[in-house]
2 protein chains.
Amino acid sequence: MLEQFKKHLDKFVKISDDEFVDITQYFELQRLKKKENVLTEGQICKANYFVLDGILRKFFINEKGGQQTTEFAIENWWMTETFSYINQTATAFYIQAVHPTEVLVIRKQAYDELLEKHPALEKYFRMVYQKAYAAAQMRIKFLYEYSREELYLHFLKDQPAFLQRVPQYLVASYLGFTPEYLSEIRKKNLS
Amino acid sequence: MLEQFKKHLDKFVKISDDEFVDITQYFELQRLKKKENVLTEGQICKANYFVLDGILRKFFINEKGGQQTTEFAIENWWMTETFSYINQTATAFYIQAVHPTEVLVIRKQAYDELLEKHPALEKYFRMVYQKAYAAAQMRIKFLYEYSREELYLHFLKDQPAFLQRVPQYLVASYLGFTPEYLSEIRKKNLS
DNA sequence: CGGTCTCTTGACGGAGTTCAAAGCTAGTGG
DNA sequence: CCACTAGCTTTGAACTCCGTCAAGAGACCG
């Protein structure tokens, strides 16, 4: 499990084995059950989660009482509610395990201390957030550019493996439409 | 102009005056005319722009040939096409000055060298991107949560000053609908 | 002042939602 | 290992938000 994280870090920065051992002190391993929440609306988001295995999703409850998924995280991705995490304010989001999921957890205070002690990780997180920001920008472009149907077909083409891993109503929720409409689109496009 | 940038940096990290002088060597000041482009579709995004005064906007051309604005940057914000900038790949976006605008420019190579020489800025950019990412996440939430009309009313309430600074058709383009519909909404909500 | 941008108005159409109900699937306990 | 149930997926009809098109009214700039 930890080798996996080390391998991931190595893609961005040079960390000695000794340094890595110290770094791991700041993290904690957690196993989540299916549908277990690590963050609930109204709470302050106290931790950042690095997914080792499984899937996390982030969602909020809209006016009509439905769950609106805004993000998934799979292996080797970070998941947190960044705004609440950095400002330590109450969140409007839930973070939940879609399947049984294994995560590395780093709490806010540990995160600040870790970066203080290991400046090499400033570079790592700078690069991770830079990448995440770029991805969010492209996501916003897609939301503007494509119709709901096109979003689905695009997703189907780009992430066929991912589609197998989550139920359809979550895909619909992520793409911003209803399960009923997803059904209609799927019927129209063969299958 | 440079004091303004120094003041901005001071909000995130401690930089000595000497260090700051060296840092400024990596930047270049540029004055843009109204509607001047600093990035065009198909190019590789070679620079990151820090707005000192004025407004930049980023947009792409959609299938119907219309301009779809995805982002504005005002004083003390960075603007670039992050994906193209970090990967040095061709972009689908334009970056254009809405009004006459003054920017600090840092080219990709200078950026890499700057971070190498001044690790304190790793922390600065880590925090900036972390914040930008959090903002993008909230933006995505809004896009999912609100109807076009609600997006406008929300924007009207949150950014009344900004509305005065850009023409309405750009506001419509940013919010993802047509000028005609904006007109209708405005009529419906008084004045 | 003349022309080109920008903003408004109204009629019509279509993508996508809502609601209700029925069929299907998978997990759970007995 | 089967049966039952809760949750997931499909169907269809009515409705709504918002885009498109076309045309006119202002407004800004040389």
Side-chain angles (χ1 to χ4, degrees), chain A residues 32-37 54-55 57 59 61-69 72 94 96-101 142-156 162-191, chain B residues 33-36 55 57 59-69 72 96-100 142-156 162-191:
Chain A
L32 307 171
K33 288 181 217 157
K34 184 175 172 172
K35 301 223 174 181
E36 184 173 346
N37 288 324
I55 302 183
R57 79 178 174 111
F59 65 92
I61 307 292
N62 61 29
E63 294 167 354
K64 290 151 206 147
Q67 299 185 355
Q68 177 59 61
T69 302
F72 289 108
Y94 297 75
Q96 186 179 84
V98 176
H99 299 305
T101 298
F142 285 165
L143 287 175
Y144 278 127
E145 189 169 19
Y146 298 122
S147 69
R148 306 294 163 124
E149 179 171 4
E150 287 169 330
L151 280 177
Y152 172 73
L153 295 175
H154 208 275
F155 192 71
L156 182 64
F162 186 80
L163 269 179
Q164 308 300 318
R165 295 179 61 183
V166 297
Q168 297 201 7
Y169 73 98
L170 286 186
V171 173
S173 169
Y174 175 71
L175 295 176
F177 49 75
T178 59
E180 291 94 327
Y181 188 56
L182 177 53
S183 226
E184 198 178 319
I185 295 171
R186 282 166 51 83
K187 194 170 91 182
K188 196 158 68 178
N189 296 276
L190 322 180
S191 114
Chain B
K33 289 182 215 155
K34 184 173 173 173
K35 302 225 173 178
E36 184 174 345
I55 303 183
R57 78 179 175 110
F59 65 92
F60 65 91
I61 306 293
N62 60 30
E63 295 168 352
K64 290 152 205 148
Q67 298 185 354
Q68 177 59 61
T69 302
F72 288 109
Q96 185 179 84
V98 176
H99 299 305
F142 285 165
L143 287 175
Y144 278 126
E145 189 168 21
Y146 298 121
S147 69
R148 306 296 164 127
E149 179 170 6
E150 287 169 330
L151 280 176
Y152 173 72
L153 295 174
H154 208 275
F155 192 72
L156 182 65
F162 185 80
L163 269 180
Q164 308 301 318
R165 295 180 61 185
V166 296
Q168 296 200 8
Y169 73 96
L170 285 187
V171 173
S173 169
Y174 176 71
L175 295 175
F177 49 76
T178 59
E180 291 94 325
Y181 188 55
L182 178 52
S183 226
E184 197 180 320
I185 295 171
R186 282 165 52 83
K187 192 170 97 181
K188 195 158 70 178
N189 296 275
L190 320 180
S191 106

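Per chain, numbering begins at 1; letters A, B, ... match sequence-line order.
Computed from C1' positions of five pairs at each end, the angle between the two local axes of the helix from C:dC1-D:dG30 to C:dG30-D:dC1 equals 60°, rounded to 10 degrees.
The closest side-chain heavy-atom distance from B:H154 to B:E145 is not below 4.5 Å. Residues B:I55 and B:F162 form a side-chain contact, since some pair of their non-hydrogen atoms from C-beta on lies under 4.5 Å apart. In this structure, B:K33 and B:P100 have side chains that are not in contact, with every pair of non-hydrogen atoms separated by 4.5 Å or more. Between B:E149 and B:N189, some side-chain heavy-atom pair lies under the 4.5 Å cut-off.
For A:E150, the side chain to side chain donor-acceptor pair (under 3.5 Å) test picks out A:S147, with sequence neighbours left out. Judged as a side chain to side chain donor-acceptor pair (under 3.5 Å), and not counting sequence neighbours, A:Y152 has no contacts.
Using a 4.0 Å cut-off, some side-chain N or O of B:K187 falls inside it from OP1 or OP2 of C:dG10. In this structure, A:R186 reaches the D:dT10 phosphate: one of its side-chain N or O atoms is under 4.0 Å from OP1 or OP2.
Rounding to whole angstrom units, CG of residue B:L151 and C1' of D:dC17 are separated by 13 Å. Distance, B:H99 NE2 to D:dC29 P: 11 Å, rounded to whole Å. D:dT10 atom C1' lies 16 Å from atom NZ of A:K188, rounded to whole Å. The separation between A:K34 atom NZ and D:dC8 atom C1' is 11 Å, rounded to whole Å. In this structure, B:Y152 places its OH atom 12 Å from C1' of C:dC7, rounding to the nearest Å. The separation between B:K33 atom NZ and D:dC29 atom C1' is 17 Å, rounded to whole Å.
Judged by distance alone, with hydrogens and angles left aside, the side-chain atoms of B:S173 form a donor-acceptor pair with the main-chain N or O of B:T69 at under 3.5 Å. Side chain of A:Y144 to main chain of B:Y174: a donor-acceptor pair is present (N/O by atom type, distance under 3.5 Å, no hydrogens or angles).
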Under 3.5 Å, which protein N or O atoms sit close to an N or O of nucleotides 14-18 of chain C? Give each pair with its distance.
| from | atom 1 | to | atom 2 | distance (Å) |
| --- | --- | --- | --- | --- |
| C:dG16 | OP1 | A:R148 | N | 2.8 |
| C:dG16 | OP2 | A:Y181 | OH | 2.4 |
| C:dT17 | OP2 | A:T178 | OG1 | 3.4 |
| C:dT18 | OP1 | A:K64 | NZ | 3.1 |

List, with names and distances, any nitrogen or oxygen atoms from the protein found under 3.5 Å away from nitrogen or oxygen atoms belonging to nucleotides 2-5 of chain C.
none

Report each atom pair, protein N/O against N/O of nucleotides 25-27 of chain D, whose distance is under 3.5 angstrom.
none

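Between B:Y146 and B:F142, the ring planes lie tilted relative to each other; the angle falls in the 30° to 60° range.
To the nearest 0.5 Å, atom OG of residue A:S183 and atom CZ of residue A:F177 are 10.5 Å apart. Rounding to the nearest 0.5 angstrom, the gap separating the CD1 atom in B:I61 from the CD atom in B:Q67 is 5.0 Å. In this structure, CD on A:Q96 lies 10.5 Å from NZ on A:K34, to the nearest 0.5 angstrom.
Here the shortest heavy-atom pairing between A:R165 and A:G54 reads NH2-O, 3.6 Å.
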